[in-house]
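Since this is a predicted model, take the numbers as computed values, not measurements.
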Amino acid sequence: MGRFTDQWVHPAANATSLGHGLDTFVRCVMRAVEVLAAVLMVAEALILLAGVISRYVLDRPLVWSDELAVTLFSWLAMLGAVLALDRGEHMRLTALVNRMPARWRVWCETLGALVVCVFVALIIVPAAQHAHDQMDITTPALEIPDGLRCLSLVVGTVLMLLAALARMARHSNARQLLGAFGVVAAVALALWFARPLLESFGNFNLLIFFVFIVGVCVAFGVPIAFAFGTATLSYLALTTEAPLVIVVGRMDEGMSNMILLAVPLFVLLGALIEVSGLARSLIEFMASLLGHIRGGLQYVLLAAMFLVSGISGSKAADMAAVAPALLPEMQKRGSKPEELVALLSSAGAMTETIPPSLVLITIGAVCGISISALFVGGLLPAVVATIAIALVCWRRSRREPSIHAQRAPLRTVLLTFVKAVPALALPILIRSAVVGGIATATEVSTLGVLYVVVYGVILSLFSRRIPARRFYTALVDSVALSGAILLIIGTATSMAWALSQSGFSASLVSLMQDMPGGATTFMLLSMVAFVILGSVLEGIPAIVLFGPLLFPVARSLGIADVHYAVTAVLSMGLGLFAPPFGVGFYTACAIGKVSPDRVVNRVWTYLGALLVALLLVAFVPWLSIGLLPRR
C-alpha cells in the first residue's frame, strides 16, 4: 500500500490557543523523536555489523549483539510508528475518502484520528502492565530486564496519542470534533448495550468486528494497523473474558520477531540507494544499451524495476527511484504518459516475489518457512511475469512510429557501465548471499547498508558531495516506513490470535479441506482471495492475518509451502495494482502525474498478461520449487 502524504486539506479556521499550544509542543517532541529514531537506526546497523564481523571475520560471535539489537528494534519500531502517524504516512485506503468533498474529507480524517486516539488510549494501561510483567524476565546474555524493551510500547502509545490529538487540533474545528466524537460514542454505546446479543451470536459476531468494523474503518481512511487493533480490542472486551493485556502481548510478539530486523535495514538500504545515485547510474547504463531501439526504454524500465525491486521495502519507493529518470525521456520519444504509467504500475506488480521482498521475509517469519527457500522460489516466477509484460511491450511498440535516436557510442556505453558497476553488483550480491545461504537476510541487509555508505563516501571524495541532510532524511524516512509496516504486523498478529481462539481457524481449515476439487479448487480460491486482499490490505497485513490460517490447509492438500507462498504474493501484487481499489495503481499514477481515468483502460492488457503468468506459476509448481536444493 505504500506511504501516503498528509491528506488534510486545510487547518481548522477556529483553532484554539490551547490547540495551538498542543500542536507546538507536539512538534517539538516529534523533532526529538526524529533525532532519537535516527540515532537508534544507526546504532542498530552498527550493532548488527559488529555481530557480522565478529562472527564471520573474527570467528568469535558476540553473544549479546542479538539481544541488544532486538531491544533497540522494539524501540525503533514504536518510534517509527509514532513518526508515521505524525507525518500521516501509515498505510491506509484513501480511494473513497479522496472522492468526497473537502468538508467531508476533513471530517473523515478527524474521525480516523479519533479512532486512533481511542485505540492507543485504551492500550496504554495494558502496555504498562505488560512491561511490568516482563520486568521479572531477565535476558540471558546482557542480564537486563526484558521489561526495558517492552517499555517502548508504553512510550510509543503515549506519543501516538499526543500525535493524534495534535493532528485533530491542527486541522479540525469544534463542529467536526463533536460530530466525530458523537459517531464513535454512539457506536461504542450500541456495542456495549448489545453485549448479551453478541455473545448469543457465537462466531457470527466475528463478522461484526472483523468484517464490518474493520471494513468501515478502512473505507473511511483509518490506518490499517489501527483498524485491526480497534476491532481486536473491541471483540475481546465485548465478547470474551480475556484481559486486554493479551492484545499488547500479541502485538509485542509480532513486532519483536528477530527475523523482522531485516525490515528497517532493507528500507534504509533502499533509501540510501536513491540518495547515493546508484539507481540513476543503473538506469543510465541500460538506457545507453537499449535506448536506440523501438520500445527500448520500456525494456529499460522493466529491467530497472526488476533489479531495484524489493530492496526499499516500498513499491512506491521502487517506482519513485525509476520513473523520474525514465519517463521524461520516454515522453520525448513519443510515448504517451498514460501508457507509461500503465507499464510502471504493472512492473510494480510483476516484481513482488523478487528477493529481498519484505513480503517474503514476513511470510517466513509468521509461517515458519525458510527465507532462503522463499528467495530462491521467487526468482523464476518473477522472470515469467517480466517476460509476460515484455511481450506486451514488444507488441505495443510495433505500433509506435520509428524512433530516430542514435545508438550510443561505445565510449558512452563503457563509461556508463563503469559508473553502474556498483549498482549492478549490489542486488546480485544481496540475492546471491541470501539465496546461497551464506548469510541471513538481516546480515545481508547490514552489509548492504555498509556497501552503499562506503560508496557514498567515496563518491563525495572524488565526484560530487552528498549533503549530510539527505542521509539524515533517509534515516528518518526509513524509520517511519518501518514503523508503519511493523505496527501492522503487530496488530494483525493480535487479530489473528483472536480469530484462532474463536475457533474460526479450525472451521476454515475444515471447510477448505472438504471442498470438492482438492488442491486445484483451493489454489484457485486462494488466488481470488489474495487478489482481493491485496487490493484492500496490501501484502504484509494480509499475509500476517491469513497466512497462519491458510498455509496449514495448503500443506494438508500437498501444496509446497514455497509454491503456495509465491502464488499468494503474486496474487496480492496483482490486486495491489488493479483498479479500481488497488492502491499501488493510484501511487503509480501519482508518481507519473497522470489522471487514473486516463490510465485505467490501458493497464488491463498488462494485468491480463500478469494473470496468465500467475496461472502458469500456480499450476506449474516447478517454477517455484524446481531450483530448491533436494533433501
Side-chain angles (χ1 to χ4, degrees), residues 92-93 96 111-112 114-123 125-126 180-251 253-254 366 487-515 525 529-530 532-533 536-537 541-550 552-553:
R92 58 190 181 133
L93 182 68
L96 177 62
L111 179 66
L114 186 58
V115 170
V116 172
C117 286
V118 171
F119 171 69
V120 295
L122 288 175
I123 66 170
V125 173
F181 181 81
V183 170
V184 172
V187 172
L189 288 173
L191 290 173
W192 178 261
F193 286 113
R195 289 183 69 187
L197 183 61
L198 291 173
E199 292 175 358
S200 68
F201 284 168
N203 277 351
F204 283 105
N205 58 37
L206 297 175
L207 296 175
I208 297 174
F209 292 97
F210 297 123
V211 176
F212 178 74
I213 290 181
V214 170
V216 170
C217 286
V218 170
F220 279 89
V222 176
I224 288 174
F226 299 98
F228 285 176
T230 300
T232 305
L233 202 66
S234 303
Y235 171 75
L236 293 179
L238 297 173
T239 66
T240 73
E241 300 298 326
L244 298 186
V245 70
I246 289 179
V247 175
V248 179
R250 296 301 169 178
M251 285 176 57
E253 178 186 327
V366 302
L487 187 63
I488 283 180
I489 293 175
T491 55
T493 300
S494 66
M495 186 173 170
W497 177 87
L499 287 170
S500 177
Q501 294 301 305
S502 70
F504 172 77
S505 302
S507 299
L508 177 65
V509 170
S510 177
L511 175 65
M512 298 294 275
Q513 286 176 329
D514 294 338
M515 292 190 65
L525 289 176
F530 279 115
I532 296 172
L533 291 171
V536 177
L537 296 181
I543 208 65
V544 173
L545 192 56
F546 291 96
L549 304 180
L550 295 178
V553 183

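- Within the 4.5 Å cutoff, side-chain heavy atoms of Leu111 are placed close to those of Val184.
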Donor-acceptor contacts, no H, no angles, side chain residues 185-196, under 3.5 Å, sequence neighbours left out:
none

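- For the atom pair CE of Met251 and OG1 of Thr493, the computed distance is 9.5 Å after rounding to the nearest 0.5 Å.
- Between the CG atom in Leu198 and the CD1 atom in Ile208 there is a gap of 5.0 Å [rounded to 0.5 Å].
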Check: residues 211-228 side-chain donor-acceptor pairs under 3.5 Å, at least two apart:
none

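- Pairs passing the side-chain hydrogen bond (donor to acceptor under 3.5 Å, both in side chains) check and including a residue from residues 218-243, sequence neighbours excluded, do not occur.
- Summarising the geometry, atom CG belonging to Leu233 is positioned 9.0 Å from atom CG belonging to Leu238; distances are rounded to the nearest 0.5 Å.
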